[in-house]
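Read through the structure below, which is laid out as structure tokens, and then see the notes.
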Amino acid sequence: MPDLPALRASIEAHRSKLADECAAVRTPSDLEELRNRYLGRKRGFVMLLFEEMKTLDPAEKPAAGQLLNEWKRDVQENLAAVEAGLLTPVQAGPREDPTLPGERRPFGAAHPLRIFQREIESIFMEMGFGIEDGPEIETDYYNFEALNFPPNHPARDDWDTLYINDNLLLRTHTSPVQIRVMEKRKPPIRIIIPGKVYRRETPDPTHAAMFFQVEGLVVDRNVTFAHLKGTLEHFLRRLFGDKLKVRFRPSFFPFTEPSAEVDIECLACGQKDPACRVCGGTGWKEILGSGMVDPQVFKNVNIDPEQYSGWAFGLGIDRVAMFAYGIPDIRYFYDNDLRFNRQFHLK
Ligand code: PHE
């Protein structure tokens with residue numbers, strides 16, 4: 001005949017097993033099985049103990065009843081906790097499989113035009129130039145008039161312009177930033193201005209309606225054409241190699257006088273192929289426009305041309321990058337085809 005201490009011992013024995021058994025539950029049917037084993041109406045441990053209680057001495061029954069009720073609640077709470085732990089991950093979706101390989105994120109890479117822009121910037125920064133920028137939506141005044149293009153002057157026809165209204169336009173070159181900088185700042189000035197420019201072009205392998213330029217501007221006392229020549233030659237040789245052949249050709253821009261276009265030797269054919277597709281058999285590739293700042297431009301920004309002189313240049317980044325990398329079509333830069341973009345890497 002069991003007594004109260006025996007009942008208590010039996011509860012304690014089950015209690016320590018229950019903890020282990022709860023921890024071993026993996027599936028809803030494990031849980032069901034465990035619930036039956038403890039709380040099953042006929043053969044559950046808890047129910048069996050309630051049966052045993054009936055045989056106890058009547059004086060011990062109230063204490064035994066309390067003990068068994070506490071134990072039953074304890075079992076119910078434990079099983080409820082296991083059930084909650086089991087349901088949460090199932091409801092949240094499939095469990096993670098930690099043995100699966102991770103997802104690999106592709107490394108980004110700088111766009112080839114950006115790589116070139118940085119290269120150009122770093123060469124000019126070595127020479128003490130600063131970097132400036134300006135708005136892509138410009139007024140007629142900055143894009144043309146202050147640069148010495150009078151209204152209706154035929155020189156404007158060289159720049160097929162996208163107008164927003166009579167006064168506003170998308171800048172056709174980075175030169176308007178020369179004016180903005182000289183209005184703000186007195187010489188000495190030594191800057192480059194990389195940025196986007198826009199022209200009314202029908203896209204083809206060598207034309208895009210949007211492309212990139214780098215402008216350069218130097219203003220100080222006693223600045224001469226020799227400085228222009230020396231600086232640009234140094235720049236182009238840093239970019240393309242020490243031995244690069246460079247030539248200056250007289251040209252015309254309304255805002256420089258005298259003006260020169262700068263050609264470099266064709267690196268595609270080594271100036272040897274009369275049928276070369278890159279240079280058209282001329283052996284030379286036009287790379288930039290340049291010249292001494294026109295005195296009228298200085299007057300427009302209140303810099304005294306008797307005291308100061310300067311030079312400027314403008315270069316198409318796309319064109320230089322195409323030449324350097326052997327890219328046959330300017331539109332590749334803007335197609336966003338990763339198979340193209342991924343071929344270029346920062347040094
Ligand atoms: N802005 C001119 C162009 O777009 C290039 C240039 C810049 C020429 C500065 C001379 C001086 O063609």
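Since the structure is predicted, the reported quantities are computational estimates derived from the model, not experimental observations. Every number for a ligand or one of its atoms is a count from 1 in the order of the listing. Numbers here simply count residues along the sequence, with the first being 1.
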Return yes if a side-chain donor-acceptor contact under 3.5 Å exists between Arg114 and Gln117, otherwise no.
-> yes

Would you sort out whether Arg37 and Glu33 count as a salt bridge (charged side-chain N to carboxylate O under 4.0 Å, His left out), showing the intermediate values?
-> CA-CA 6 Å; Arg37 207 130 45 80; Glu33 194 267 334; 3.0 Å; yes

Residues pairing under ring-ring contact (aromatic ring centres under 6.0 Å, His included) where one sits in residues 168-196, two or more places apart or in two chains, turn out to be Trp159-His173, His173-Phe255

Can you tell me which residues line ligand 1 if we count any heavy atom under 4.0 angstrom from one of its atoms, in chain and number order?
-> Trp159, His173, Ser175, Gln178, Arg199, Gln213, Glu215, Phe253, Phe255, Thr256, Gly289, Ser290, Ala312, Phe313, Gly314

Anything under 3.5 Å between a donor and an acceptor, one on a side chain of residues 102-111, the other on a protein residue two or more places apart or in another chain? List them.
from   : atom 1 : to     : atom 2 : distance (Å)
His111 : ND1    : Leu113 : N      : 3.0
His111 : NE2    : Phe333 : O      : 2.7

Non-hydrogen atoms of Ile137 and Leu168 that approach each other most closely = CG2-CD2, 4.3 Å

For Tyr142, the side chain to side chain donor-acceptor pair (under 3.5 Å) test, sequence neighbours excluded, returns Glu183

